Amino acid sequence: MINSLFNLFKKAVGTALPKQVSLREQLVPRIRHVSFLKMLQEHGVPEQQQPVTTALCGELLVSYAFDLPEQFTMATPPQLERAGIAASEVPALALRNLARLMPRTRFFGKQGFMAVYTGGELEATLLLLDAFWEHMQASSLGKEIVAVVPRRDCLLLCDARDAGALAELGREAEKFFTESQDAHALSVQKMLRRDDGRWELFTGH
């Protein structure tokens, strides 16, 4: 059972961890639903074998993993110790690596609403990159941006002041979330980006 849970991170087939010097460069954040951690706990995965996590917003959290060629390997406390990574430096290090590894983003949509595509199942992790949101707040969406990540490979955005765009956002989020209930599914909760970089649940103006 534990192996099947860990396979949620799999890209293809298993592979051994690379040498220590590579691990620091491959630590990245992953967006997960809180049910993922609860599932590990319910199936008796020991705490030391669970990934390091931090809260994000509502029912979403940030876990950390080593992005290996064929799979994502959970960044558990023992793995971090082996890599020489202190717990206190995990979030900042993972964000630096993510920014370096993030492909060029592409945008699809219409005035007030858009979908963001990066490839590599990294779309949801854009929630964590301040530079991306500074760019988006300078775009036509304006300062108040609502985001939804129905899947880890899907990021939807709209202008919080545009009722029509908000409705379109809700419809598209439900469609992406329900079309395939698999390990990629995350949440249809709407989140508002604050000036200090935090996300909070959006309940409307």
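This one's a predicted model, so the numbers in the text were calculated from it and none came from an experiment.
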Q: Looking only at atom types and distance, does a side-chain atom of R100 sit under 3.5 Å from a main-chain N or O of E25, one as donor and one as acceptor?
A: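 Side chain of R100 to backbone of E25, a donor-acceptor pair under 3.5 Å: yes, one is there.
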Q: Pairs of donor and acceptor atoms involving the side chains of residues 165-173, under 3.5 Å and at least two apart or interchain, shall be tabulated with distances.
A:
residue	atom	partner	partner atom	Å
E168	OE1	R171	NH2	2.8
E172	OE1	K175	NZ	3.3

Q: In Å and rounded to the nearest 0.5 Å, what is the OG1 to CG distance from T76 to L80?
A: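 That separation rounds to 6.5 Å.
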Q: Evaluate the salt bridge (Lys or Arg N to Asp or Glu O under 4.0 Å) criterion for residues R96 and E89: first the C-alpha distance (whole Å), next the side-chain angles of each, then the deciding distance (0.1 Å), finally the verdict.
A: CA-CA 11 Å; R96 288 198 299 271; E89 64 177 323; 5.3 Å; no
Q: When you compare the side chain of F176 with that of L156, does any pair of heavy atoms fall below 4.5 Å?
A: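 Counting from C-beta outward, L156 and F176 do come under 4.5 Å.
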Q: List the atom pairs, donor and acceptor, that lie under 3.5 Å between side-chain atoms in residues 120-131 and the rest of the protein, sequence neighbours left out.
A:
residue	atom	partner	partner atom	Å
E121	OE1	R152	NE	3.2
E121	OE1	R152	NH2	3.0
E123	OE2	T118	N	2.8
E123	OE2	T118	OG1	3.3
E123	OE2	G119	N	2.8
T125	OG1	L122	O	2.5
D130	OD1	R193	NH2	2.9

Q: Report yes if the side chains of T53 and V34 come closer than 4.5 Å at any heavy-atom pair, otherwise no.
A: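 No, their side chains stay 4.5 Å or more apart.
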Q: I'd like to check the salt bridge (charged side-chain N to carboxylate O under 4.0 Å, His left out) partners of D195; sequence neighbours left out, ordered by chain and number.
A: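 Counting only residues at least two positions away or on another chain, D195 forms no salt bridge (charged side-chain N to carboxylate O under 4.0 Å, His left out).
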Q: Look up atom SG in C158 and atom CD1 in I145, then write down how far apart they are to the nearest 0.5 Å.
A: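 The distance works out to 9.5 Å.
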Q: How close do L60 and H33 get, heavy atom to heavy atom, and via which atoms?
A: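 L60 and H33 have their closest heavy atoms at CD2-CA, 4.3 Å.
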Q: Between P29 and L98, what is the shortest heavy-atom contact and its length?
A: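 Shortest heavy-atom separation between P29 and L98 comes out as CG-CD2, 3.7 Å.
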Q: How far does CG of L155 sit from CE of M114, to the nearest 0.5 angstrom?
A: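 Between atom CG of L155 and atom CE of M114 there are 10.0 Å.
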Q: Within the 4.5 Å heavy-atom criterion, are L186 and R151 side-chain neighbours or not?
A: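 Answer no - side chains too far apart.
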Q: Testing the basics here: between N97 and R24, what is the closest heavy-atom pair and its distance to 0.1 Å?
A: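 Shortest heavy-atom separation between N97 and R24 comes out as ND2-O, 2.6 Å.
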Q: Does Q189 reach the main-chain N or O of E59 with its side chain, forming a donor-acceptor pair under 3.5 Å?
A: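 Yes; judged by distance alone, with no hydrogens or angles, the pair exists.
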Q: If you define the side chain from C-beta out and look only at heavy atoms, does anything of F66 sit under 4.5 Å from I85?
A: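 Side-chain contact under 4.5 Å: yes.
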Q: Hey, could you give me the CG/CG distance between L27 and L95, rounded to the nearest 0.5 Å?
A: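 Here the rounded value is 9.5 Å.
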Q: Does NZ or CZ of R30 fall inside the cone over F72's six-membered ring, less than 6.0 Å from its centre and within 45° of the axis?
A: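 Output yes; distance and angle both within limits.
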Q: With a 4.5 Å cut-off on side-chain heavy atoms, are L68 and Q26 touching?
A: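 They are in contact (side-chain heavy atoms under 4.5 Å apart), so the answer is yes.
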Q: Kindly give the heavy-atom pair with the smallest separation between T54 and Y64, and that separation in Å.
A: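 Residues T54 and Y64, closest heavy atoms: OG1-OH, 3.2 Å.
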Q: Taking only residues two or more places apart in sequence, or in another chain, which ones meet R198 in a salt bridge (charged side-chain N to carboxylate O under 4.0 Å, His left out)?
A: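 D196.
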Q: So how far is it from I31 CD1 to C57 SG, rounded to the nearest 0.5 Å?
A: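 Answer for the CD1-SG pair, I31 versus C57, is 10.5 Å.
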Q: Among residues at least two apart in sequence or on other chains, which ones pass salt bridge (charged side-chain N to carboxylate O under 4.0 Å, His left out) with R194?
A: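 Here the qualifying residues are E200.
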Q: A side-chain contact here means heavy atoms from C-beta on lying under 4.5 Å apart; do K38 and H43 qualify?
A: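 The answer is no, as the side chains (C-beta and beyond) never meet within the 4.5 Å cut-off.
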Q: Taking the side chain as every heavy atom from C-beta outward, state whether M74 and S63 have any atom pair closer than 4.5 Å.
A: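 Not in contact.
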Q: If you compare all heavy atoms of T73 against all heavy atoms of Q79, which two are closest, and at what distance to 0.1 Å?
A: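 Closest approach of T73 to Q79: CG2-NE2, 3.9 Å.
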Q: What closest approach, in Å, do L157 and M136 show between heavy atoms, and which atom pair accounts for it?
A: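 For L157 versus M136, the nearest heavy atoms are CD1-CE, 3.8 Å.
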Q: Give, for atom SG of C154 and atom CD of E179, the distance between the pair rounded to the nearest 0.5 Å.
A: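 Atom-to-atom, C154:SG and E179:CD are 8.0 Å apart.
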Q: Once ring-ring contact (aromatic ring centres under 6.0 Å, His included) is applied, what residue pairs with a partner in residues 110-158 remain, sequence neighbours excluded?
A: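 Checked against ring-ring contact (aromatic ring centres under 6.0 Å, His included) - neighbours excluded - the pairs reaching residues 110-158 are W133-W199.
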Q: Less than 4.5 Å apart, side chain to side chain, heavy atoms only: is that true for R32 and V62?
A: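 Answer no - side chains too far apart.
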